Each structure stands twice: as C-alpha cells, then as structure tokens.
Amino acid sequence: PADPEVQAAIARHYAWVDQFYPVSAEMYRGLGQLYTDHPEFRATYERYAPNLADFMRAAMEVYADRNLRA
C-alpha cells in the first residue's frame, strides 16, 4: 500500500473523490473502511482482484496519514 506507484494511483482516486465534496483525512479513511465493510462495495473491488478492498483501505490510510489534514 505504501509503494510510490500505489500511492500515485491513490492520489488520483482521492482527487476524483474530492471533486464531489471536500474530503478530510478522517473522511477518506472512513471511505476506505466502507469499501471493506459494505458488502456491495467489497464485492465491486473483489471482482477485480481478491482482497483488493482491503488493499485499497490500507493504501487510502497511508495516503491520508501522509497527505491529508484531519
């Protein structure tokens, strides 16, 4: 999740989400948690790769910790 290429992709994901509403670090972490906790979100990511929802959440947490304010 902390790999520079992964974080570059997560930065693009964050920028996309941030177009719709301002996203704090707490909100972005919560969105990552939603990807793992909500069955429909999880299923969407798991269609692409096993455990992708968990990987996304972890990568989003790294991004929030390094780049966003609470």
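Source: prediction; values computed, not measured. Only heavy atoms go into these numbers, but all of them, side chains included; no hydrogens, no water, no symmetry mates.
Every residue meeting the side chain to side chain contact (heavy atoms under 4.5 Å, CB included) condition with F41, not counting sequence neighbours, appears here in chain and number order: L34, Y35, H38. Considering only residues two or more places apart in sequence or on other chains, R12 meets the side-chain hydrogen bond (donor to acceptor under 3.5 Å, both in side chains) condition with none of them. Every residue two or more places apart in sequence or in another chain that forms a side chain to side chain contact (heavy atoms under 4.5 Å, CB included) with S24 is listed here: E26, M27.
Note: R57 CZ to Q33 CD = 5.0 Å, rounded to the nearest 0.5 Å. Here the CG-CD distance, from D54 to E46, works out to 6.5 Å after rounding to the nearest 0.5 Å. Between L68 atom CG and Y14 atom OH the span is 4.5 Å, to the nearest 0.5 Å.
The shortest heavy-atom contact between A53 and Y45 is N-CB, 3.8 Å. Contact detail for V6 and P1: the closest heavy-atom pair is CG1-O, 3.5 Å. Across all their heavy atoms, Y48 and T44 have their closest contact at CD1-O, 3.2 Å.
No chain of hydrophobic side-chain contacts below 4.5 Å, direct or via other Ile, Leu, Val, Met, Phe, Trp or Tyr residues, connects V62 to F55.
Surrounding CD of Q19 are more than 12 heavy atoms belonging to other residues, nucleotides or ligands, all under 6.0 Å away.
By the 4.5 Å heavy-atom criterion applied to side chains, Y28 and I10 are counted as neighbours. Between T36 and M56, every side-chain heavy-atom pair lies at or beyond the 4.5 Å cut-off.
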